[in-house]
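Here is the structure we will look at.
In this text the structure is predicted, and so the values were computed from the model without any measurement. This chain uses plain numbering: 1 for the first residue, then up along the sequence.
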Amino acid sequence: MTVAMAVATAVTFVWLGMVLAISFLEAPLKFRAPDVTLRIGLGIGRLVFRALNIVESMLAVMLVIAVVLGEPPTRIVVVAVGVVAILSVQLAAIRPRLTRRSDRVLSGEETPRSHAHYAYIALEVAKVGALMVTGVLLLTG
């Protein structure tokens, strides 16, 4: 395994761990804590997900660079590009809608649950799957 592919593998599994920990553990659990209201949970969630998305963006750049330098088989390139594409859709198309809704809720407005939230969750599940496949392919060559 080349250094570039070792870096790609490490980046992939760090990214996977972060998404699992934040999206599927922290996000739902914070609303179960005592005295955490919807407004407080949204405020915390916005901070946490903004930080996660910044780190994810950096990891995506690192993954792309490592894949370009490592020249892996096409199947690895395709799955890695898929992961980056999923993140790009989340950041460009869905996060702005979620931010607008949370702005309204944080200002005291009553709003129905957003369909964009379900789309974001579906893409998180797809991203987890794509990261797992990418990592396994990187390990097995």
Next item on the list: Ignoring hydrogens and angles, tell me if any N or O in the side chain of Ser102 forms a donor-acceptor pair with the backbone of Thr99 under 3.5 Å.
Entry: yes

Check: Between the side chain of Arg97 and the main-chain N/O of Ala116, is any donor-acceptor distance below 3.5 Å?
Finding: no

Is there a path of hydrophobic side-chain contacts, each under 4.5 Å between heavy atoms, that joins [X] and [Y]?
X	Y	value
Leu52	Val125	yes
Val55	Phe49	yes
Met58	Ile86	yes
Met18	Val7	yes

Checklist line | Spacing of OG belonging to Ser23 relative to OH belonging to Tyr120, to within rounding of 0.5 Å | finding: 5.5 Å

Item checked: Spacing of Leu16 atom CG and Thr134 atom OG1 [to the nearest 0.5 Å] -> 9.5 Å

Checklist line | Ion pair Lys127/Glu56, N-O distance below 4.0 Å | finding: yes

Pairwise side-chain contact, [X] with [Y], heavy-atom cut-off 4.5 Å (strictly under):
X	Y	answer
Leu138	Phe13	no
Arg113	His117	yes
Ile44	Glu26	yes
Leu59	Leu63	no
Lys30	Val48	no
Trp15	Leu87	yes

Check: Arg46 and Leu106: side-chain contact (heavy atoms from CB on, under 4.5 Å), yes or no, with the steps?
Finding: CA-CA 11 Å; Arg46 284 171 60 137; Leu106 291 171; 3.7 Å; yes

